[in-house]
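Proteins come first, then strands; the chains are lettered A, B, ... in the order of their sequence lines, and each starts at number 1.
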2 protein chains.
Amino acid sequence: MTERPPDASNNLIARAYAGGRASAQRLAVAQAVGRAAGAFTVDDLTALVRERDPGVSKATIYRCVSAMAASGYLTRIGDRDGAVLWVRCDADGHHHHLVCTSCGATAHTACPVDADALAASAPEGFTITSHDVRLYGLCASCSGRMQRAGG
Amino acid sequence: MTERPPDASNNLIARAYAGGRASAQRLAVAQAVGRAAGAFTVDDLTALVRERDPGVSKATIYRCVSAMAASGYLTRIGDRDGAVLWVRCDADGHHHHLVCTSCGATAHTACPVDADALAASAPEGFTITSHDVRLYGLCASCSGRMQRAGG
DNA sequence: ATGTATGCAAACAATTTGCACGACC
DNA sequence: GGTCGTGCAAATTGTTTGCATACAT
């Protein structure tokens, strides 16, 4: 599984940008997303891109992220210090994200919202159309590290 | 020329700013918060303050909001167009907020998160320390208005 | 008297955009 | 060749901050 088909790059771009045009920069950004450990800001992503392609401008990365979000390839899962947090999310269906507050790793969870409880406590007449659940905590490895450190 | 606000005003300031110094501006901002219908941005609040006190600077309003948030008088409940959304929240205990996407009105709900479901679907080893639930929908009056309009 | 709050404007940071140029199809 | 993507820099926007002054205590 280490060998990629010759058109792998084009496939990646097609998936990430929903049929946009292929360019070296778009490929670099899409690959950087693949190398991201979990949630990332545009700044984080810029650093990842420039590890291999130092010439890509930040404006381009912003434009790539917008395109990827529009195509559903990226999902906005929160904020960190005023910057938007993104994550590559290919899971289907309604779910939410866990974010490790220590290392930024992310994971999916099923939606833990109890619809009955929600309906019961919502005020009379209020129609709930959507919800946004963000779960924070420590991933297994950070959790272990904290415990060993005496947290 | 020491003009001292009446006791009710001092009480309001004491509650809102956790013992800070009383000033006309702080009073104006705290009163504007009281007049806010639900969630508001600093811009919204500035408009409310200036309805009655046109001279209050935005920097002061930012500083007042920070102080009120630090004292627990205001709670950050989300964002709107890149600006932070605040709400006056005097409810005790763990709860969440509904926001009407049409008029900005807010309401409390009990926490609808099913802890068992959450524990069951969280990945092995991930320790969830906190969560943030934002509920969006239409309040009773906006809901009625939409229905009447045929939407 | 002393320290705190205010106003102003400049600083800041994240993000967007206008424009000329170059690349992709 | 026409269109779309890119780079650069400037513009936007929400928010913070330095500083001198006014004010509360």
Phosphate contact (dG7(C) OP1 or OP2) by Gln25(B) side-chain N/O below 4.0 Å = yes
Would one find a side-chain N or O of Arg63(A) under 4.0 angstrom from OP1 or OP2 of dG5(D)?
-> no
Whichever of Arg21(B) and Trp86(B) has the more 5' nearest nucleotide on DNA chain D, that residue is Trp86(B)
Rounded distance in Å - CZ (Arg76(A)) to C1' (dT15(C)) = 11 Å
Ion pair check, Arg134(A) and Asp79(A), cut-off under 4.0 Å | yes
Ring-face cation of Arg15(B) near Tyr73(B) (centre distance under 6.0 Å, axis angle within 45°) = no
Mutual orientation of the aromatic rings belonging to His96(A) and His131(A) [parallel < 30°, tilted 30-60°, perpendicular > 60°] | tilted
Scan Arg80(A), Lys58(A), Arg50(A) and name whichever one has a salt bridge (Lys or Arg N to Asp or Glu O under 4.0 Å) with Asp43(A).
-> Lys58(A)
Taking atom CZ of Arg35(B) as the centre, does the number of heavy atoms from other residues, nucleotides or ligands within less than 6.0 Å exceed 12?
-> yes
If you look at every strand shown and take non-hydrogen atoms under 4.0 Å, does Ala59(A) touch a base, only sugar-phosphate, or nothing?
-> base
Once you round to the nearest 0.5 Å, how far does CD1 of Ile128(B) lie from CG of Leu135(A)?
-> 5.0 Å
Report the distance from atom CZ of Arg50(B) to atom P of dT6(C), rounded to the nearest whole Å.
-> 13 Å
Cation-pi geometry met for Arg26(A) and Tyr17(A) (6.0 Å, 45°) | yes
Taking the nucleotide of DNA chain D with the closest heavy atom to each, which residue, Gly20(A) or Ser66(B), is nearer the 5' end?
-> Gly20(A)
Would you kindly give the CD1-to-C1' distance between Ile13(B) and dC23(D), to the nearest whole Å?
-> 13 Å
Is the distance from OP1 or OP2 of dT15(C) to the nearest side-chain N or O of Tyr62(A) less than 4.0 Å?
-> yes
What's the CD1-P distance between Ile61(A) and dC8(D), to the nearest Å?
-> 12 Å
How many Å lie between CE on Met68(A) and P on dT15(C), as a whole number?
-> 16 Å
Quick note, Ala22(B) side chain, CB onward, closest among dG7(C), dT15(C), dT25(D) is dT25(D)
dC8(C) C1' sits how many Å from Lys58(B) NZ, rounded?
-> 14 Å
Rounded to whole Å, the CG-C1' distance (Asp79(A) to dG14(D)) equals 13 Å
Ser23(B) side-chain N/O to dT6(C) phosphate OP1/OP2 under 4.0 Å | yes
Overall bend of the helix from dA1(C)-dT25(D) to dC25(C)-dG1(D) (five pairs an end, 10° steps) is 30°
Within the pair Thr60(A) and dG7(D), is there a side-chain N or O less than 4.0 Å away from OP1 or OP2?
-> yes
To the nearest angstrom, how far is Asn10(A) atom CG from dA23(C) atom P?
-> 18 Å
